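Side chains included, hydrogens not; waters and symmetry mates left out as well; all remaining heavy atoms used. All values reported here derive from a predicted model rather than from experimental measurement.
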Amino acid sequence: MSKLTIKGNTQAYSEILTPAALAFVEKLVEKFGARRDTLLSARKEAQERINGGELPYFSPETADIRNGDWQVADAPAGLADRRVEITAPAELKKAILALNSSAKVYMADFEDSLAPTWENSVGGQLAMKKVASGTAEMENKETGKKYQLNPEHSCLLFVRPRGWHLPEKQVLYDGAPISGALFDFGLFFFHNAVTLAKNNKGPFFYLPKVEHWREAELWNEVMEFAENEMGLAVGTAKATLLIETLPAVFQMHEILHAMKNRLIGLNCGRWDYIFSYIKTLAMHGDCVLPERKILTMDRPLLRAYSLELIKTCHHRNAHAMGGMAAFIPIKNDATANDAALEKVRADKRREANDGHDGTWVAHPDLISVAAQVFDEYMPAINQKNIIPEVQHEAAHFLAVPSGDVSSAGFDNNIQVAVRYLAAWLGGAGAVPIYNMMEDAATAEISRCQLWQWLRYPTCLSDGGEITAAHFNTRLAAISTEIQKETEQSPQVLQAVDLLSEMVHAPTLDDFLTLKAYPFI
């Protein structure tokens, strides 16, 4: 008898929530749910040690892996060249536009850029099924414009399920919410893996928020079990894993080794990495970061992170993917648009010159911009032959960059946090704010920095000190400003309440998405 209970609407998604598909998800939960819970408990224990004064380090227990002579399996031939990848929520229109583009990869996101409403999560699975079968098409009912997947498209689909920490509250196992990661992965794999494998197009995955190599090991076991269940050869599913947590940067060799027959690359998830730095070192008062605009990839701790990832990946035959260009073209200001595009080019030149094998963009108009840079600086299909001659110690990844906090930077964090959280509560996970495509990661930076600046009193570079009273005053003013320009006043007020609670909390909440999830 099934122990799975579905609370969400099943009738509207009967094509996805079939008895066989749900039985497959249940098998995953039965076999791996307890392991996932144990690993999340291990995260908390590791964090408690860091809160007590310990700093992240390279473990001597796995030195033999770091020093060993081994490599990961070769990437499939169609993935040898990954110079530009576009990311977007797992939505049908965005999927069609992305796959019809000149990008090499479209990452369909069920995580940071998708608010996990039931409609978004299961509707995204329906969209992915149409994409995988080559039948994706739609019509905008308001404009009459039609969108159809080009059957000759060469862009490959990757899917990013939710991280291990996120639950799916609409599906219960023995009365408790199941893992969002197993739900997302299970439904996608069940419906699409065989079709994609038959066409030599996957299944391919991006794996987020890993904090320990044993979490990567669990992903490997989940995929192997799924392959066996669906009659696929072991190793058919391939993955790229985002190095976007501070603990993971000390375990990149171990993570690659744990999935060496299917992990074909690592990616610099720069925004989540900055968020993780703040969250991991939240109780260390000497690790307060300056405002977000100062935290560019040329700062020593971020440059060390990027170069170490390239060195590790290329030593192990894996792709080293660069970070996100989140800029959105500015249609009504050519001068500002040109200046912003030049910043994007400079960032991509840095990545290509350093040895990255490709990069991410969030907007279709940036595909050609990034491609032009990589075409110039990376004429080959990749540059795994480049191994940076750098020697990093733990201190390089912990060094606090110099810089201040301005009143404008402080206000910007409040603006981004409130606007994003309000949109997220309304069902949107990728939100254009001030010509940037913001997702949960950048909202997390904003929220965590506000907490950090209040806990460890910080002076503003243009006068005054960041206090609880000052935060409350600016939050109220900004809330009023946002309410005047939006029809989402209830969500704005709820976002303000949640942000205020999290910023004033004595300890830093792990994730704003966990805090806000009960309200969607």
Say whether, by atom type as modelled, one donor and one acceptor occur between the side chain of [X] and the main chain of [Y] under 3.5 angstrom.
X      : Y      : result
Thr195 : His191 : no
Asn100 : Asn150 : yes
Tyr206 : Pro161 : no
His153 : Cys155 : yes
Ser446 : Thr442 : yes
Asn9   : Ala12  : yes
Gln251 : Trp213 : yes
Asp112 : Ala440 : no
Gln452 : Cys287 : yes
Arg455 : Pro506 : yes

For this session: Show your working on side-chain hydrogen bond (donor to acceptor under 3.5 Å, both in side chains) between Thr117 and Asn120 and close with a plain yes or no.
Result: CA-CA 5 Å; Thr117 64; Asn120 285 347; 3.2 Å; yes
May I ask you to establish whether [X] and [Y] are in a cation-pi arrangement, using a distance under 6.0 Å from NZ or CZ to the six-membered ring centre and at most 45° from the ring axis?
X      : Y      : result
Arg419 : Trp424 : no
Lys169 : Tyr517 : yes
Lys279 : Tyr277 : no

[X] [atom1] to [Y] [atom2] distance, which is reported to the nearest 0.5 Å:
X      : Y      : atom1 : atom2 : answer
Leu425 : Gln494 : CG    : CD    : 5.0 Å
Gln170 : Leu17  : CD    : CG    : 11.0 Å
Trp451 : Asn413 : CH2   : CG    : 15.0 Å
Leu295 : Met297 : CG    : CE    : 10.5 Å
Leu207 : Trp164 : CG    : CH2   : 8.5 Å
Leu156 : Lys201 : CG    : NZ    : 7.0 Å

Aromatic plane relationship, [Y] with [X] - under 30° parallel, 30 to 60° tilted, over 60° perpendicular:
X      : Y      : answer
Tyr273 : Tyr305 : parallel
Phe190 : Phe24  : tilted
Trp70  : His257 : perpendicular

Test: salt bridge (Lys or Arg N to Asp or Glu O under 4.0 Å). Region: [range]. Which pairs qualify, not counting sequence neighbours?
range            : result
residues 84-102  : Arg82-Glu85, Glu91-Lys94
residues 179-188 : Arg162-Asp184
residues 245-267 : Arg66-Glu254, Glu227-Arg262

Looking at [X] and [Y], what are the two nearest heavy atoms and their distance?
X      : Y      : answer
Leu289 : Ile278 : CD1-CG1, 3.6 Å
Leu182 : Gly33  : CD1-N, 4.3 Å
Ile367 : Ser102 : CG2-OG, 3.3 Å
Glu215 : Val210 : OE1-CA, 3.5 Å
Trp271 : Ala441 : CB-CB, 3.8 Å
Met324 : Lys348 : C-NZ, 4.1 Å

Basic-acidic side-chain contact under 4.0 Å: [X], [Y]:
X      : Y      : value
Arg43  : Asp510 : no
Lys515 : Glu501 : yes
Glu221 : Arg35  : yes
Asp347 : Arg270 : yes

Is there side-chain contact between [X] and [Y], with heavy atoms separated by less than 4.5 Å?
X      : Y      : result
Leu246 : Leu398 : yes
Pro177 : Leu172 : yes
Leu302 : Thr296 : no
Ile50  : His284 : yes
Ser306 : Cys268 : yes
Met128 : Phe110 : yes
Thr280 : Thr245 : no
Ile86  : Met107 : no

Problem set entry | Criterion salt bridge (charged side-chain N to carboxylate O under 4.0 Å, His left out) on Lys27 and Glu30, from CA distance to verdict | CA-CA 5 Å; Lys27 285 182 182 180; Glu30 284 176 343; over 6 Å; no
Exercise. Under 6.0 Å from the CZ atom of Phe519, do we count more than 12 heavy atoms belonging to anything else shown?
Worked result: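 Yes, CZ of Phe519 has more than 12 neighbouring heavy atoms, counting only those of other groups under 6.0 Å.
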Problem set entry | Partner of Cys313 by side-chain contact (heavy atoms from CB on, under 4.5 Å), out of Ile310, Asn317, Leu309 |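 Looking at Ile310, Asn317, Leu309, the match for Cys313 under the side-chain contact (heavy atoms from CB on, under 4.5 Å) is Leu309.
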For this session: For the pair Ser2 and Glu26, evaluate side-chain hydrogen bond (donor to acceptor under 3.5 Å, both in side chains) and give the outcome as yes or no after the intermediate values.
Result: CA-CA 8 Å; Ser2 174; Glu26 186 169 10; 2.8 Å; yes
Exercise. What's the verdict on ring pair (Phe, Tyr, Trp, His ring centres under 6.0 Å) for Phe397 and Phe250, showing C-alpha distance, side-chain angles and the deciding distance?
Worked result: CA-CA 9 Å; Phe397 306 107; Phe250 294 90; 5.5 Å; yes
Exercise. Where do Glu211 and Lys44 land on the salt bridge (charged side-chain N to carboxylate O under 4.0 Å, His left out) test, with the steps shown first?
Worked result: CA-CA 11 Å; Glu211 295 193 14; Lys44 292 183 183 297; over 6 Å; no
Problem set entry | Criterion side-chain hydrogen bond (donor to acceptor under 3.5 Å, both in side chains) on Asn267 and His319, from CA distance to verdict | CA-CA 8 Å; Asn267 177 290; His319 286 117; over 6 Å; no
Exercise. What do the steps show when you test Lys209 against Asp272 for salt bridge (charged side-chain N to carboxylate O under 4.0 Å, His left out), and what is the final call?
Worked result: CA-CA 8 Å; Lys209 304 289 192 297; Asp272 265 305; 3.0 Å; yes
For this session: May I ask you to check whether Phe185 and Phe205 place their ring centers less than 6.0 Å from one another?
Result: yes
